[in-house]
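Source: prediction; values computed, not measured. The basis for the numbers below is simple: all heavy atoms, side chains too, and nothing from hydrogens, waters or symmetry mates.
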Amino acid sequence: MKAIYKKELRIYMSSMLGFVFIFFILLVCGIYYTFYNISYAYPEIGPTMSSAAIVLLIAAPILSMQTLAEEKKKKTDQLLLTSPVRVRDIVLGKFFALESIFLIPIAILCIYPLIMSQFGTITYSSNYTAIVGFFLLGSAELAIGIFASSLAENQIIAAVICFALLFLSNMIQNLSDLISTTASASFFILFLFILILCIWLYTMVKSAVVAAAAAVAAEAVLILTYIFKSSVFEGAVQNLLEIFDLSSHTSNFINGIFDLTGVVYFLSVTVIFLFLAIQKMEKRRWS
């Protein structure tokens, strides 16, 4: 993993990609920082981090798009996958290289509260909590980017997939407002959702028996639950969609509250998407 990490970090630091990523994050953060904290003398950096999070929708796909997709395009992934290096170490090495690049603007952002403190009294804990929330959000989005890169052989397509996933996550709240909260509507949507998951499971395991058994078992539980206690389905879709809303889980951090639940959530998202990327590469290794 160490060799992969050094190689990836060298690539980012010797090309324009890493510097463009750092530049755009600092540019957008600097604009909002000047507007909120300098012009209006606002002592909290939370609104700046909340507004600047939009840049990650573009920056994260651009930085992560070539991690695995470019390897497949150049056929260098065959060399990696046939080497004694574990797939897990390959993916983690690339992820930690992305994290190292991301930590550069985060380190510079940590100076902003110190600048603010020269012009008045600020609360350091709430300001740095907001920066931690921004970092956790970015880390989760970079993990999603690596997963998207594992799905494509073209880095542009990988960037589009990642952007679509992140954009959909940011639009979840608006989508949930359009869905009825009735039990019957939730039951119907969850029924279709389970079918789609089982179809995806079939594409992963290539076993119709496993996919069919999972579908029958899950749908049976869903139907029995609806028959005996339909009330649990009221607003169930909205609650489910909220899980995929990354931005909503940063609200406490933005407000200066260190949310342990939010930390667990972002770490879980990061681990899950890295795990999916590893499984996708493992499948490619043995196919």
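Nearest heavy-atom pair across Val221 and Thr225 is O-OG1, 2.7 Å. Ile144 and Cys162 make their closest contact through C-SG, 4.3 Å (heavy atoms, listed as atom of the first residue, atom of the second, distance). Taking each heavy atom of Pro61 and Ala159 in turn, the nearest pair found is CB-O, 3.5 Å. The two atoms that bring Ile157 and Ala152 nearest to each other are CG2-CB, 3.9 Å, heavy atoms only. Of all the heavy atoms in Met65 and Ser149, the pair that sits closest is O-OG, 3.0 Å. Across every non-hydrogen atom of Glu242 and Ile172, the tightest pair is N-CG2, 4.4 Å.
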Requested in this report: Apply side chain to side chain donor-acceptor pair (under 3.5 Å) to the pair Thr182 and Glu234, showing each step before the final yes or no.
Outcome: CA-CA 5 Å; Thr182 61; Glu234 295 178 0; over 6 Å; no

Requested in this report: For Met116 and Tyr33, run side-chain contact (heavy atoms from CB on, under 4.5 Å): C-alpha distance rounded to whole Å, both residues' side-chain angles, the deciding distance at 0.1 Å, then the answer.
Outcome: CA-CA 10 Å; Met116 292 159 53; Tyr33 178 74; 3.2 Å; yes

**Report entry** Residue pair Thr129, Asn127: steps toward the side chain to side chain donor-acceptor pair (under 3.5 Å) verdict
**Finding:** CA-CA 5 Å; Thr129 295; Asn127 279 278; over 6 Å; no

Query - From CA spacing to verdict: side-chain contact (heavy atoms from CB on, under 4.5 Å), Met13, Ile101 - result: CA-CA 8 Å; Met13 298 307 295; Ile101 297 297; 3.3 Å; yes

Report task. For the pair Ser139 and Glu99, evaluate side chain to side chain donor-acceptor pair (under 3.5 Å) and give the outcome as yes or no after the intermediate values. Result -> CA-CA 7 Å; Ser139 298; Glu99 285 285 87; 2.9 Å; yes

Report task. Assess whether side-chain contact (heavy atoms from CB on, under 4.5 Å) is satisfied between Glu219 and Leu195, documenting all intermediate values. Result -> CA-CA 8 Å; Glu219 299 291 17; Leu195 287 180; 3.4 Å; yes

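For the pair Leu166 and Leu246, the minimum side-chain heavy-atom distance is below 4.5 Å. The closest side-chain heavy-atom distance from Leu56 to Ile25 is below 4.5 Å. By the 4.5 Å heavy-atom criterion applied to side chains, Ile131 and Tyr112 are not counted as neighbours. By the 4.5 Å heavy-atom criterion applied to side chains, Leu109 and Cys29 are counted as neighbours. Using a 4.5 Å heavy-atom cutoff, the side chains of Phe21 and Ile62 are not in contact. At least one side-chain heavy atom of Cys110 sits under 4.5 Å from a side-chain heavy atom of Tyr128. With a 4.5 Å cut-off on side-chain heavy atoms, Ile11 and Gln66 count as touching. Using a 4.5 Å heavy-atom threshold, the side chains of Leu68 and Lys280 count as separate.
Proximity of a side-chain donor or acceptor of Ser186 to a complementary backbone N or O of Ala183 within less than 3.5 Å is not detected. At distances below 3.5 Å, not a single donor-acceptor pair connects side-chain atoms of Asn255 with backbone N or O atoms of Ile257. In this structure, Ser14 contributes its side chain and Arg10 its backbone to a donor-acceptor pair below 3.5 Å. Judged by distance alone, with hydrogens and angles left aside, the side-chain atoms of Ser248 form a donor-acceptor pair with the main-chain N or O of Asp245 at under 3.5 Å. Not one N or O on the side chain of Ser50 forms a donor-acceptor pair closer than 3.5 Å with the backbone of Gly46. Between the Ser230 side chain and the Ile227 main chain, no donor and acceptor come within less than 3.5 Å of each other. Remark: side-chain polar atoms of Ser51 are not paired, donor with acceptor, to backbone N or O of Tyr32 under 3.5 angstrom. Side-chain atoms of Ser117 come within 3.5 Å of backbone N or O of Leu114 as a donor-acceptor pair.
The ring-ring contact (aromatic ring centres under 6.0 Å, His included) contacts involving residues 130-174 comprise Phe102-Phe135, Phe147-Phe273, Phe163-Phe167, where partners must be two or more places apart or lie in separate chains. The stretch residues 204-231 participates, sequence neighbours left out, in these ring-ring contact (aromatic ring centres under 6.0 Å, His included) pairs: Phe187-Tyr226, Tyr226-Phe233. Among pairs with a residue in residues 38-58, those fulfilling ring-ring contact (aromatic ring centres under 6.0 Å, His included) read Phe35-Tyr40, at least two apart in sequence or across chains. Residue pairs meeting the ring-ring contact (aromatic ring centres under 6.0 Å, His included) criterion with at least one member in residues 47-66: none, sequence neighbours excluded.
The hydrophobic cluster containing Met49 also contains Ile111, counting ILVMFWY residues as joined when their side-chain heavy atoms lie under 4.5 angstrom apart, directly or transitively. If you chain together hydrophobic residues whose side chains sit under 4.5 Å apart, Phe96 and Val271 never meet in one group. Under a hydrophobic-cluster definition in which Ile, Leu, Val, Met, Phe, Trp and Tyr are linked whenever side-chain heavy atoms come within less than 4.5 Å, directly or via other members, Val264 and Leu274 are assigned to different clusters. With hydrophobic clusters built from ILVMFWY side chains whose heavy atoms lie under 4.5 angstrom apart, Ile106 shares a cluster with Val28. Under the 4.5 Å side-chain heavy-atom criterion for Ile, Leu, Val, Met, Phe, Trp and Tyr, Leu137 and Ile54 are members of the same hydrophobic cluster.
Residue-environment remark: OH (Tyr124) exceeds the threshold of 12 foreign heavy atoms within 6.0 Å. More than 12 heavy atoms of other residues, nucleotides or ligands sit less than 6.0 Å from atom OH of Tyr265.
From Ile278, atom CD1 reaches atom CZ of Arg86 across 10.0 Å, with rounding to the nearest 0.5 Å. Rounding to the nearest 0.5 Å gives a distance of 9.0 Å between CG of Leu17 and OG of Ser64. A distance of 8.5 Å separates CD1 of Ile4 from CG of Asp89, quoted to the nearest 0.5 Å. Considering NZ of Lys6 and OG of Ser100, their distance stands at 12.5 Å, rounded to 0.5 Å. The line from CG of Leu165 to CG of Leu57 is 11.5 Å long, rounded to the nearest 0.5 Å. Atoms OG1 and CG, from Thr67 and Leu142 in turn, are 9.5 Å apart once rounded to the nearest 0.5 Å.
Evaluation of the salt bridge (charged side-chain N to carboxylate O under 4.0 Å, His left out) rule for Glu8 yields Lys94 as partners, not counting sequence neighbours. Taking Tyr12 as the reference, nothing meets the ring pair (Phe, Tyr, Trp, His ring centres under 6.0 Å) condition, with sequence neighbours excluded.
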